[in-house]
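Counting starts at 1 for both ligands and their atoms, in listed order.
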Amino acid sequence: MCVKIYMNMINMQQGLEIKSEKLNKISKEIIDCKKCILYKERITPVFGIGNNNSDIMFIGEAPGKNEDLNGFPFVGSAGKILDELLQSIDIKREDIYITNILKCRPPKNRNPKDNEIKCCSQYLDKQIEIISPKIISTLGNFSSKYIMEKFNISPENINKIHGKIFIVGAFTTNIMIIPLYHPAAVLYNQNIKKALIEDFKVIDSVLKKID
Ligand code: URA
């Protein structure tokens, strides 16, 4: 094997180890986090999971009942829909990184409150910086609004912006933001599934271009 390829592999391996160490450190901080009241009722904080070196990061809203029990994001009914959508473009969970804005389940799955997003997004911001994805796909209104504002794009309702590509300058590179409907919305409105299938095709074509 030529020396250059070997050195690139070593650097990649070291980069992955550093990312894992940094992410582990944050996941430990979350266990003891008392920045908002959500720690009081949740069972398990849900940090995020997947390929730390993925080109694409999905950001949902908050853990639900199953996620709270298991400690992993999107393992309930919304997760099943997400898996189908990923499968439709031949992507596996192991290929992506996935997390939520809130790491603790809001009681009775109520909407996140502004102060909870403000406290918890500090963790999400660090995850984005460490993973440094080329694409961020936000799932639903809450994560779309947060990410659009973070990157200085005026936020609009998900009905208007889903499946569109917003390119923003971040850290040392550009990030493509692709807002999507939340997979759980399909449980109430089957038309949303058609839109999600189309929007996943957008993700597929972008991923193929950056390969
Ligand atoms: N909905 C979310 O937004 N996140 C999860 O982890 C599960 C359901």
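N53 and Y97 share no side-chain donor-acceptor pair at under 3.5 Å. A side-chain donor-acceptor contact under 3.5 Å links S144 and T138. A donor-acceptor contact under 3.5 angstrom links the side chains of Y146 and D125, judged on distance only.
Within the 4.5 Å cutoff, the side chain of L82 has heavy atoms near those of the R93 side chain.
Close contacts of ligand 1 with H182, meaning ligand atoms under 4.0 Å from a residue heavy atom, involve 1 (N), 2 (C), 3 (O). Close approach of ligand 1 to P73 (heavy-atom distance below 4.0 Å) involves ligand atoms 6 (O). Atoms of ligand 1 found under 4.0 Å from any heavy atom of E61 (numbered from 1 in listed order, with element): 2 (C), 3 (O).
Of the candidates E41, E116, E61, E116 is the only one forming a salt bridge (charged side-chain N to carboxylate O under 4.0 Å, His left out) with R110.
Considering backbone and side-chain N/O of F74, one or more are found under 3.5 Å from N/O of ligand 1.
Ranked by closest heavy atom to atom 5 (C) of ligand 1, the top entry among A78, G60, A62 is A62.
Nearest protein neighbour of atom 4 (N) of ligand 1, counting heavy atoms only, is N100 OD1, 2.7 Å.
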